[in-house]
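Read through the structure below, which is laid out as structure tokens, and then see the notes.
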Amino acid sequence: MSPVIGRLAPTPSGELHLGNVCAFAAAWLAVRKAGGRLLLRMEDVDAVRARQEIEDGIRRDLDWLGLHWDEETERQSTRDYRPTLKVLQDHTYHCGCTRKLLKSLQGEHPLSCRQAGHETGPLRLALPTQEVRFDDQVFGPQVLGLDPSQDPILVRRDGLSTYLLAVVTDDIADGVTQVVRGADILPFTAIQQYMWRLLGHTEPAWAHTPVILGPDGRKLSKSHGSEAVASLRERGYRPSDIWSQVLPWLGLPSASYPAEVVDLFDWRRIPRGPIQVAPR
Ligand code: GLU
């Protein structure tokens, strides 16, 4: 069997929070248990939002938490996504819809735009009406529908590649065989799997970890600064304090570091969540 290749793919526009830590811990544990290789990839495709000091902070947090990677791959801001677009050219088209029109259609994209032959504007991927099936390691068998009224944007109006174009291109280029991330991305997995196949590759194993909610019941994000790893460290928390909270979210006993529970890691033990952080 070919070796498992996993990745940590932080976006350096927001500090690492406990939701990221949960997904990264699962990615780390799964690779270590399989004796595979773990890559680090900085997902700074949105160069406007990415910030060097946040990237430095993420590296410091990962190191402090003991989530070490084996190899760093090319960051998104220096990659060339044009070869992927070339392969997909029969499936893409420029969108001429105004924001106002899209708003009035409530997110549904008109099929007529595909035939309009626009020469500028965001580049969209034409989706078929099709069911996509995969077996998520945590969420089990999935049947998700592709819908032509949801043709996703691959290149923005300003020329920036989107997350979708970047992540699929990178995962293929990096030889990733196992993608582990938060369940908020589960709905986008169908399009990614469709793109993997259009590009002539077999998709990786997919695994989605429970969404972590803040004490206010909303998904942890940048706005929950107090649940950021850096903030917890500043308040005197140690890595073992973080791990005794996060490892049980993956169905594992609390431990000082994930390295102590590698043997116990099992996809089937991971709850599907969502999980809410208690107020501190
Ligand atoms: N960079 C993405 C994030 O931070 C992760 C993308 C992925 O794992 O597919 O949410």
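Note that ligands are numbered from 1 as they come in the structure, with each ligand's atoms numbered from 1 the same way. Heads up: numbering here begins at 1 and tracks the sequence.
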Do any N/O atoms on V167 end up under 3.5 angstrom from N/O atoms on ligand 1? no
Taking only heavy atoms of Y163 into account, list the atoms of ligand 1 that are under 4.0 Å away from them. 6 (C), 7 (C), 9 (O)
contact_flag R7 ligand 1 heavy-atom lt 4.0 Å: yes
Check: D46 and L160 side chains under 4.5 Å, non-hydrogen atoms: yes
How far is atom 1 (N) of ligand 1 from its nearest protein heavy atom, and which residue and atom is that? E43 OE1, 2.5 Å
Determine yes or no for a side-chain-to-main-chain donor-acceptor pair under 3.5 angstrom, with D63 supplying the side chain and R60 the backbone. no
Show your reasoning for whether side chain to side chain contact (heavy atoms under 4.5 Å, CB included) applies to R157 and R99. CA-CA 12 Å; R157 194 180 299 275; R99 286 203 180 86; 4.1 Å; yes
Between the main-chain N or O of A259 and the side-chain N or O of W28, is there a donor-acceptor pair closer than 3.5 Å? no
State whether the number of non-hydrogen atoms from other residues, nucleotides or ligands found under 6.0 Å of R156 atom CZ is greater than 12. yes
Taking 4.0 angstrom as the limit and counting only heavy atoms of T11, give me the atoms of ligand 1 inside it, by number and element. 1 (N), 2 (C), 3 (C), 4 (O)
Is there any N or O on Q192 that sits under 3.5 Å from an N or O of ligand 1? no
At what distance is the nearest protein heavy atom to atom 10 (O) of ligand 1, and which residue and atom is it? I185 CD1, 4.0 Å
Would you call D170 and R7 a salt bridge, using N to O less than 4.0 angstrom? no
